[in-house]
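Some notes on the structure that comes next.
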There are 2 protein chains.
Amino acid sequence: MVLSRTSQYAIQALIYIATQPPGEPVLNRDIADRLNVPAAYLAKILQSLCKHGLLDSFRGRLGGFCLREGMQRTSLMQVLLLTEGPDFTKSCILGLKECTDETACPMHFKWKPVKNKIIAMMNDMHLEDLAKAVQTGKYRLADLPAAALPAA
Amino acid sequence: MVLSRTSQYAIQALIYIATQPPGEPVLNRDIADRLNVPAAYLAKILQSLCKHGLLDSFRGRLGGFCLREGMQRTSLMQVLLLTEGPDFTKSCILGLKECTDETACPMHFKWKPVKNKIIAMMNDMHLEDLAKAVQTGKYRLADLPAAALPAA
DNA sequence: TTCCTTAAGGAGTTTTTTGTCCGAATTATA
DNA sequence: TATAATTCGGACAAAAAACTCCTTAAGGAA
Ligand code: FES
Ligand code: FES
């Protein structure tokens, strides 16, 4: 309804990494297993997050991915601007090229406050906090694996 | 950010048809020209809206598409349930299969009220009203055609 | 030094979405 | 009845998104 798979995987992975002890690289394979997501695809996403400075990567034994220093307080908006593109916040819900009060489509003045809510929400959520929420055990980062479902 | 192209075209077309005198079929070609969208693709969408009972279609001379009787008060939600699928309102922003308070992802309790806003908004907007808004001339259904832009 | 493990990077495949084309069916009108 | 205008329906094509595979480079440890 709102985010591409790529964005979803990126956010899930970043939160998961943020739940892990800082400085200890996390394996792509482990993230993919944990999130139940295609590993080769996730690898591309992590690679891109490295290039954009959110993650550090290390090759070889004891390699993997870490949150870059100071990136614990990265907001989801920062992530989404990378994964969805810089126009993420600028779009008209009907697809018009411009979305301003002066070029309003018939949905504009209803949509605008909702859109602003979404933007505020994304600006307001940070990896750190989401990771802590996950660590309480009250929230899920991925679907329950089949093994965890009640036996048939 | 939120709607597929198909949904955008469908809504635009329905609003446009709703601005036209009822009972006088509107040509696919005219809608496509007016909205500046691909005619052959739009035709498929209109065909599907017919099958789902929102529109009536007429072939041959004086043919075209009309809003089905009583469909002036169709809500955008009704349209979106057709174009985005019946799970439109059910999705987790992180892509989890379930989105309930019991199966919450770490974004759930922030996202839920926003999502409910979107749903309420879509339930609240009806073709009739949107069409009237367009008829005031204050709102755009499509990007300005190149012809309407200030000369270079 | 050699082996194993890991990410990097590039090319390619599959699936979904978006968009095109064309012939057949239908209808008003001359 | 012939003709032109229109939607219908199916097949096809292109583009974008999601996903895979393979080779190379780099790093740690035996
Ligand atoms: S112009 Fe359409 S939402 Fe702003
Ligand atoms: S479970 Fe993720 S938004 Fe509800």
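What you see below is based on every heavy atom in this structure, not just the backbone, and it leaves out hydrogens, waters and symmetry mates. In what follows, chains are A, B, ... by sequence order, proteins preceding strands, each numbered from 1.
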Interface with DNA chain D, restricted to residues 52-70 of chain B and to heavy atoms under 4.0 Å: B:S57, B:F58, B:R59, B:G60, B:R61, B:G64, B:F65
Measure the distance from [atom1] on [X] to [atom2] on [N] and round it to the nearest whole Å.
{"X": "B:I31", "N": "D:dT6", "atom1": "CD1", "atom2": "P", "result": "12 Å"}
{"X": "B:L42", "N": "C:dC21", "atom1": "CG", "atom2": "P", "result": "16 Å"}
{"X": "A:Q8", "N": "D:dC19", "atom1": "CD", "atom2": "P", "result": "10 Å"}
{"X": "B:R5", "N": "C:dT17", "atom1": "CZ", "atom2": "C1'", "result": "11 Å"}
{"X": "A:Q12", "N": "D:dA18", "atom1": "CD", "atom2": "P", "result": "13 Å"}
{"X": "A:E24", "N": "D:dG28", "atom1": "CD", "atom2": "P", "result": "15 Å"}
{"X": "A:I45", "N": "D:dA18", "atom1": "CD1", "atom2": "P", "result": "8 Å"}
{"X": "A:D33", "N": "C:dT6", "atom1": "CG", "atom2": "C1'", "result": "15 Å"}

Counting any heavy atom closer than 4.0 Å, what does A:L27 reach on the DNA or RNA strands: base, sugar-phosphate only, or nothing? sugar-phosphate
So, does the side chain of B:K44 form a donor-acceptor pair with the base of D:dG10 at under 3.5 Å? yes
According to a 4.5 Å side-chain heavy-atom criterion applied to Ile, Leu, Val, Met, Phe, Trp and Tyr, with indirect links allowed, do A:F58 and A:L54 form part of one hydrophobic cluster? no
Shared ILVMFWY cluster between B:F88 and B:L96, side chains joined below 4.5 angstrom? no
Rounded to the nearest 0.5 Å, how far apart are OG1 of A:T19 and CG of A:L14? 11.0 Å
Measure the SG-CG distance between B:C50 and B:L55 for me, rounded to the nearest 0.5 Å. 5.0 Å
Using a 3.5 Å distance criterion without hydrogens, assess whether the side chain of A:Q78 forms a donor-acceptor pair with backbone atoms of A:S75. yes
Within the pair A:Y41 and D:dA17, is there a side-chain N or O less than 4.0 Å away from OP1 or OP2? no
Ignoring backbone atoms, establish whether A:Q47 has a side-chain N or O less than 4.0 Å from OP1 or OP2 of C:dG9. yes
Any side-chain donor paired with an acceptor under 3.5 Å for B:T6 and B:Y41? yes
As a quick check of understanding, evaluate side chain to side chain contact (heavy atoms under 4.5 Å, CB included) for A:M121 and B:W111, giving each step before the final call. CA-CA 8 Å; A:M121 182 188 98; B:W111 172 241; 3.6 Å; yes
